[in-house]
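Note sheet for the following structure.
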2 protein chains.
Amino acid sequence: MCMNPEGASSPRAAVRREGRVTINDIAALTGVAASTVSRALSRPDRVNRVTRERIQAAARELNYVPNTQAQALSSGRTETVALLVSDATNPFYFGLIRGAQQQLRAAGHALLLIDTEDSAELENHLLHKVRRSVDGVILAASRLPEQTLSVIAAELPVVTVNRNVPRVRSVVIDSPDGVMQAVEHLVSLGHRAIAYVAGPPSSWANEARWRAMRTAMARHGLTAARVGPFGVSRSSGSVAADALLNTGATAGVTFNDLLAIGILQRLAERGVDVPGEISVVGCDDIFGADFCSPPLTTLTAPIEQAGRVAVSMLLDHLEHLGETPSRQTVLLPTHLTIRQSSGPAPRR
Amino acid sequence: MCMNPEGASSPRAAVRREGRVTINDIAALTGVAASTVSRALSRPDRVNRVTRERIQAAARELNYVPNTQAQALSSGRTETVALLVSDATNPFYFGLIRGAQQQLRAAGHALLLIDTEDSAELENHLLHKVRRSVDGVILAASRLPEQTLSVIAAELPVVTVNRNVPRVRSVVIDSPDGVMQAVEHLVSLGHRAIAYVAGPPSSWANEARWRAMRTAMARHGLTAARVGPFGVSRSSGSVAADALLNTGATAGVTFNDLLAIGILQRLAERGVDVPGEISVVGCDDIFGADFCSPPLTTLTAPIEQAGRVAVSMLLDHLEHLGETPSRQTVLLPTHLTIRQSSGPAPRR
DNA sequence: CTGAAAGCGCTAACAC
DNA sequence: GTGTTAGCGCTTTCAG
């Protein structure tokens with residue numbers, strides 16, 4: 001009948017609070033205390049069977065959905081895990097994301113995806129920011145210095161992928177071993193001058209692969225050339241291809257497939273025959289490696305499995321907090337998948 | 001000196017509560033009330049400049065990070081947006097995820113990634129579950145029936161991608177227009193028998209593309225054949241290729257690139273020349289479309305932009321809650337990118 | 001086994 | 001402008 005003065009809405013967006021069913025509603029409906037409802041729902045074994053069933057029935061009937069915020073606030077557990085990737089667009093991560101997502105869902109946890117845009121600074125900042133909003137984090141290809149990682153791992157459950165840091169759990173794909181296989185493969189095809197096409201210097205895996213390459217070459221009394229560093233995008237492939245050609249090598253092992261595919265494209269442009277004039281071996285076996293042209297010989301990495309394992313390790317860690325943080329690291333094997341980008345060394 | 005009885009730790013994992021800095025610590029340090037700290041941090045303009053600066057300095061010094069759970073609980077805003085995709089592994093989503101992620105970060109929001117595994121049921125379930133944990137959701141290629149979507153949109157801010165539902169905001173990529181361009185292209189190359197290779201029936205976009213195809217063909221007095229439905233994976237391409245060949249068509253327009261690439265592989269296996277014997281046109285221009293063999297003629301979709309726009313619409317919606325939910329839909333143009341998988345129709 | 005009560009950390013009226 | 005006071009919805013001692 002009259003305008004009430006408090007009718008004016010607040011400047012902040014109205015908060016939707018309609019329709020929310022809380023444990024109190026269930027408590028009221030079933031005539032028990034809210035705390036009992038809470039128990040019945042989150043630790044069913046701690047409550048009498050008949051009350052429990054009555055409560056669960058009521059919950060179902062009212063279409064109750066727990067408020068995760070509230071749960072998190074009072075319990076300290078968020079049932080959420082953050083996955084930090086350096087570039088959500090990199091096909092390498094697709095499998096990782098997928099594997100992690102699967103395993104997480106199975107455990108009823110949510111996945112917070114964070115793109116660090118390949119910046120250590122941003123990575124650190126975002127990590128700091130979500131620290132309290134997640135139960136733990138998975139760091140895929142972290143760009144952070146070892147010391148920073150140690151500090152973070154001390155205050156938050158962490159699992160790294162493809163990055164080995166003392167006292168931090170990690171799953172690493174054994175690409176170095178794969179690189180050795182690749183070198184054997186190339187050497188047996190008659191190659192003597194083989195170059196490593198390096199990725200970002202901040203990448204731990206990059207250095208690990210390079211080391212493996214030198215070792216493998218040394219076994220045959222050969223020394224590996226090295227070009228780079230290059231960015232890990234297909235477009236970096238152009239420069240990389242030219243640099244690779246310049247070394248006079250008859251074969252190149254690249255930091256990853258993205259780079260390798262870029263190189264393949266550039267070589268085609270320049271009319272260089274692969275593998276006739278030069279062989280190219282990639283790393284990871286990402287989506288596309290099997291249908292680029294020529295199909296890429298590469299190190300097949302169990303990426304999806306890595307995602308699953310990382311999650312398992314993290315969840316396991318969460319269960320046993322406080323226990324000795326044994327420097328546990330899982331090594332996943334790779335194998336060489338031979339396709340058409342590698343072949344016999346050209347005659348001199 | 002003596003063991004205190006409460007020393008026994010609880011059976012649940014210990015909750016880490018060490019080192020947490022709260023607004024109370026800042027309040028104590030600066031000698032103001034906690035509420036003032038809260039204000040100074042979240043609505044700086046509502047507090048005296050010098051107090052504000054003192055508070056901000058203290059916050060920085062103590063390395064304060066707000067507890068998002070608590071913020072969410074009391075404010076109702078979570079600063080988190082969920083992105084539901086039907087398959088996190090589908091390269092189509094990479095760009096979408098990336099675009100969304102970018103825009104979200106710029107606005108200081110987090111991204112909850114949810115994989116619905118292509119199941120309407122699971123989609124509905126998960127949506128229900130996160131309803132209260134996010135400010136809004138972006139539904140990429142939802143499999144939900146229109147009515148369900150309407151219901152959800154009524155109780156939670158929603159933006160759909162490639163799915164048009166009355167009263168639900170959406171961004172749709174104008175592939176139907178692109179399909180028409182594709183048909184013109186093929187017809188002008190002399191093709192008369194053109195088939196549509198269908199994707200999942202539950203996909204809204206699939207039907208939209210098929211309709212566009214028929215219309216475009218009709219304009220030339222032609223009728224399109226249709227094969228399928230097929231799954232949207234490369235492996236479905238084998239069956240699809242055989243079915244396509246069976247129609248006797250000289251060209252095929254496929255639901256998406258993944259399928260098209262699969263078809264290309266199968267055709268190569270069967271020794272069918274593309275585009276000599278048959279032309280193939282894909283849809284989306286995903287990663288890989290430009291380097292498969294032959295490179296795929298396809299409809300280039302602004303996928304990343306779609307992700308950004310979807311987020312913008314959603315955030316905008318959040319700002320103006322309660323306002324008339326005008327059925328706002330943004331149409332993003334596509335264009336035909338001609339590569340080597342399409343060519344003149346073969347002579348009879 | 002269940003209830004009462006005290007918060008989790010923060011925001012949002014409402015006073016002053 | 002700033003302090004006071006209630007909660008947000010849930011978990012978790014602590015009694016009984």
Side-chain angles (χ1 to χ4, degrees), chain A residues 5-6 8-28 30-55 59 62 64-79 131-133, chain B residues 5-6 8-28 30-55 59 62 64-79 131-133:
Chain A
E6 64 277 19
S9 64
S10 97
R12 298 291 270 191
V15 176
R16 60 205 139 71
R17 287 225 192 282
E18 5 75 32
R20 289 198 325 297
V21 177
T22 75
I23 51 171
N24 298 302
D25 299 323
I26 301 179
T30 53
V32 299
S35 53
T36 304
V37 174
S38 172
R39 256 179 245 121
L41 265 21
S42 40
R43 345 251 291 216
D45 49 300
R46 274 162 147 62
V47 67
N48 177 323
R49 210 189 79 194
V50 322
T51 5
R52 182 201 331 144
E53 280 171 358
R54 208 148 44 87
I55 291 173
L62 292 177
Y64 169 76
V65 178
N67 180 319
T68 52
Q69 262 64 44
Q71 285 184 150
L73 186 55
S74 67
S75 73
R77 278 167 277 109
T78 63
E79 314 275 86
R131 208 175 28 156
R132 301 265 105 90
S133 326
Chain B
E6 63 275 20
S9 64
S10 95
R12 296 291 269 191
V15 177
R16 59 203 141 72
R17 288 225 191 282
E18 6 75 34
R20 287 199 325 297
V21 177
T22 74
I23 52 171
N24 298 302
D25 299 323
I26 301 179
T30 53
V32 298
S35 54
T36 304
V37 175
S38 171
R39 256 179 243 124
L41 264 21
S42 39
R43 340 261 284 249
D45 49 300
R46 273 162 144 63
V47 68
N48 177 322
R49 211 189 78 194
V50 323
T51 7
R52 184 202 328 148
E53 280 169 0
R54 208 149 43 88
I55 292 173
L62 293 176
Y64 168 74
V65 178
N67 179 320
T68 52
Q69 262 64 44
Q71 286 185 148
L73 187 55
S74 68
S75 73
R77 278 167 277 108
T78 62
E79 315 275 87
R131 208 175 29 156
R132 301 264 106 90
S133 326

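Proteins come first, then strands; the chains are lettered A, B, ... in the order of their sequence lines, and each starts at number 1. Side-chain atoms are counted along with the backbone in the values below, which use heavy atoms only and exclude waters and symmetry mates.
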Rounded to whole angstroms, how far apart are CZ on B/R52 and C1' on D/dT2? 14 Å
When rounded to whole Å, the CZ to P distance for the pair A/R46 and D/dT12 reads 10 Å
Once you round it to whole Å, what is the distance between C1' of D/dT12 and CG of A/L73? 13 Å
Judged by nearest nucleotide, the residue sitting upstream toward the 5' end of DNA chain D, B/A70 or B/R49, is B/R49
To the nearest Å, how far apart are A/L41 CG and D/dT12 C1'? 15 Å
Contacts of B/T30 meeting side-chain hydrogen bond (donor to acceptor under 3.5 Å, both in side chains) (sequence neighbours excluded), chain-then-number -> none
Rounded to the nearest angstrom, tell me the gap between atom CD in B/Q69 and atom C1' in C/dG7. 16 Å
Which of the following nucleotides, D/dT12, C/dC10, C/dA12, is nearest to the side chain of A/R77? D/dT12
Which whole-number value in Å describes the distance from B/I55 CD1 to C/dT11 P? 12 Å
For the atom pair OG1 (A/T78) and CZ (A/R132), what is the distance rounded to the nearest 0.5 Å? 11.5 Å
Could I get the full list of side-chain hydrogen bond (donor to acceptor under 3.5 Å, both in side chains) partners for A/T36, not counting sequence neighbours? none
Only counting residues at least two apart or in another chain, list the ones meeting side-chain hydrogen bond (donor to acceptor under 3.5 Å, both in side chains) with A/T68. B/S133
Classify A/S38 by what it touches in the nucleic acid, base, sugar-phosphate, or nothing, heavy-atom distance under 4.0 Å. base
What's the CG-P distance between B/N24 and D/dT4, to the nearest Å? 12 Å
For the side chain of A/V47, starting at C-beta, report the closest nucleotide among C/dA12, C/dT2, D/dT11. C/dT2
Applying side chain to side chain contact (heavy atoms under 4.5 Å, CB included), name anything that partners B/T51, two or more places apart in sequence or on another chain. B/V32, B/V47, B/N48, B/R54
Quickly work out the A/D45 CG to C/dC1 P distance and round it to whole Å. 9 Å
From the candidates D/dT2, C/dG7, C/dC10, the one with an atom nearest any side-chain atom of B/Q71 is C/dC10
What pair of heavy atoms forms the shortest contact from A/V21 to A/Y64, and how long is it? O-CD1, 3.3 Å
Contacts of type side-chain hydrogen bond (donor to acceptor under 3.5 Å, both in side chains), residue B/S35, not counting sequence neighbours: none
Between protein and nucleic acid, restricted to nucleotides 3-6 of chain C and to nitrogen or oxygen atoms under 3.5 Å apart, what atom pairs and distances do you find?
from  : atom 1 : to    : atom 2 : distance (Å)
C/dG3 : OP2    : A/A33 : N      : 2.9
C/dG3 : OP2    : A/T36 : OG1    : 2.6
C/dG3 : N7     : A/R39 : NH2    : 3.3
C/dG3 : O6     : A/R39 : NH2    : 2.6
C/dA4 : N6     : A/S35 : OG     : 3.2

Side chain of A/T51: nearest nucleotide among C/dA12, D/dC8, C/dT2? C/dT2
Are OP1 or OP2 of D/dT12 and a side-chain N or O of A/R43 less than 4.0 angstrom apart? yes
